[in-house]
Structure formats: C-alpha cells, structure tokens
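Working notes for the structure below.
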Amino acid sequence: MKTIKRILLLVILLAVAYVAVQKLPLYWREISFYWEDRTETELKVKKYAEEMGISYWEYPESLIDLLERNPETEDFVLQYPFRDTQELEAFSYDLSDGVPLMMQWDKRWGYLNYGSDVVGITGCGPLCLSMAGYYVTGGDAAFHPARMVEFAEKNGYYSRGNGSSWTLISEGGVKLGLDVTEIPLVKKRIMDNLEVDNPIICSMRAGDFTTSGHYIVMVGCEDGLIRINDPNSRENSEKLWSYEQIEGQIRNLWVIRDIG
C-alpha cells in the first residue's frame, strides 16, 4: 500500500512539475520584455495587455509592426487576442458616393487567414478586387471581402513572400465575371477611364503607399487630380494625388468593368 501511495505521490509531483515547466518559458519572456529598449508602440501594446489580463506575447510580431507603421490600425491590433470566428456578415455600401472604401484591417474580415498572415497584413489584393467588383456590379454581395479572400486562397492567387499575384486581378477578375483590361501607364488612358467611372486597380512598388508591394484602386478624378482608395490607409484615401506624384510608383494597371 505504501508503495502505491509513493507512486501516486510521484505521479502528482511530476504532473505539477510538468505544468510549471510549460509555463516557465512564457514567464521568462514576460520578464525579458524589459531587457532591451522597446518602442512606444510595443510599450502601448504591453500596457494594454496587462490591463486586459493577457500576455503581450499573444500579439504576433507582424501586427506590432503594422501598428508601428500605421497608427490607424490601433483598435484592430489591440483587439486581436479577442477576435471571434464569426459567420459572414451581410453588408452594403451607398454607391452614390462612388467606389466604397474597404479597409483590409476591418475587424469584420481583417483577422481571417490569408496566405502567410491575416488579411489585415496580406489582404490588399482581395480587398481591391472587392471594392472595384462591388462597385461596377452595382453592389453584388459576391464581392464581400471575406468571399474574395476565400476565392483568392482557393485558386492559389497568393504568392508566399510576395502577396497576391497579378493573376488574382487579370485572371481571377475574369473568373468572377468582370471585364478586366490591362492598360499601359499613360496619363490620358487613366484619366479617360476615371472620367467615365471605371475603377483602376494598381499594383504599386515602394513609395507613398508601401515599403515593398501593395494594391490600391484609382476611383475617380477631380480638377485633374486622382482619387484613390488605399485599403491600408484612410489618410491616403482622403487625399487627391497628381498623376506625377504616383506615376513612378505604379507597376501595373487594370481597368475593371461589369460585363453585364
């Protein structure tokens, strides 16, 4: 009987020790947070995590970097540990104001996985296709951002390390029933299309909109300047841009129309 009790006691002690060891790495990570200089963004997220009774380490580094680059994303980033898996929400936009601005870090779809990260980080391609497609079809719910992300993922349009491939627009757009026309980087071609309300999806290189690669949508023109929907920046979307400002940042362009 004593032998059995000793065995049981040993098993219990081993179980307790195992649990303690499992928690030890996180404990030491929390302590080590202050061993090096931290940015204001990191300290802000750390403070919020402590207030909410969660660990700072529940936040992916990519989201910390996103907030560092773009203060507009603060609520999206801070709420990441509390994200819920929700059913697809119905949505609608008033098209009388033109092509609707949809943000890739909108909490309704920004936490969905897309490629190597979440839509809030990697989803500019599907979001631009959503904006343009939804507008030219008069508000077809098939162009809900979550559906576009699923479509792009399913059809292999995400290129690891490079984001969405150009074929998401040129080939994927056609599969979705859109008229997609690649045009040259010529100011008159661009302005002529914008004047008749044809949105133009642009692939961008490093510059005002990105440090690597990005998609935006040209949505109109005003007094010779271009209005842009940037799915990662409301600030950029509220500005008017001259053609000369953005010409050197454009890698490719596709005019989007509705076949119907």
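Computed from a prediction, not measured in an experiment: that's the story for all the values here. One-based numbering along the sequence shown.
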Stepwise ring-ring contact (aromatic ring centres under 6.0 Å, His included) check, Tyr111 with Phe76: CA-CA 9 Å; Tyr111 299 126; Phe76 173 78; 4.5 Å; yes

Does [X] use its side chain to pair, donor to acceptor, with the backbone of [Y] at less than 3.5 Å?
{"X": "Thr122", "Y": "Gly163", "answer": "no"}
{"X": "Tyr215", "Y": "Ser164", "answer": "yes"}
{"X": "Tyr134", "Y": "Tyr93", "answer": "yes"}
{"X": "Asn229", "Y": "Cys128", "answer": "no"}

Let me confirm one number: the [atom1]-[atom2] distance from [X] to [Y], rounded to the nearest 0.5 Å.
{"X": "Asn252", "Y": "Ser170", "atom1": "CG", "atom2": "OG", "answer": "8.5 Å"}
{"X": "Leu67", "Y": "Asp75", "atom1": "CG", "atom2": "CG", "answer": "10.5 Å"}
{"X": "Trp254", "Y": "Ile183", "atom1": "CH2", "atom2": "CD1", "answer": "10.5 Å"}
{"X": "Glu40", "Y": "Lys47", "atom1": "CD", "atom2": "NZ", "answer": "12.0 Å"}

Quick one: do the [X] and [Y] side chains pair a donor with an acceptor below 3.5 Å?
{"X": "Gln245", "Y": "Asp208", "value": "no"}
{"X": "Glu171", "Y": "Tyr157", "value": "yes"}
{"X": "Thr41", "Y": "Thr39", "value": "no"}

Test side chain to side chain contact (heavy atoms under 4.5 Å, CB included) applied to [X] and [options], the passing residue:
{"X": "Pro126", "options": "Met131, Arg147, Met148", "value": "Met148"}
{"X": "Gln104", "options": "Val149, Val118, Leu127", "value": "Leu127"}
{"X": "Leu240", "options": "Ile226, Ile228, Leu225, Asp223", "value": "Leu225"}

Is there a path of hydrophobic side-chain contacts, each under 4.5 Å between heavy atoms, that joins Leu178 and Val255?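 No, it is not one cluster - the side chains of Leu178 and Val255 are not joined through contacts under 4.5 Å.
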
Residue Glu150 excluded, over 12 heavy atoms near CD under 6.0 Å: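 No, not enclosed.
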
Within-4.5 Å side-chain heavy-atom neighbours: [X] and [Y]:
{"X": "Arg257", "Y": "Asn193", "value": "yes"}
{"X": "Ile256", "Y": "Tyr135", "value": "no"}
{"X": "Trp166", "Y": "Glu182", "value": "no"}

Which class fits the ring pair Tyr48 and Phe82: parallel under 30°, tilted 30 to 60°, perpendicular over 60°?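 Correct class here is perpendicular.
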
Stepwise side-chain contact (heavy atoms from CB on, under 4.5 Å) test for Asn232 and Met103: CA-CA 6 Å; Asn232 193 43; Met103 310 308 298; 5.6 Å; no

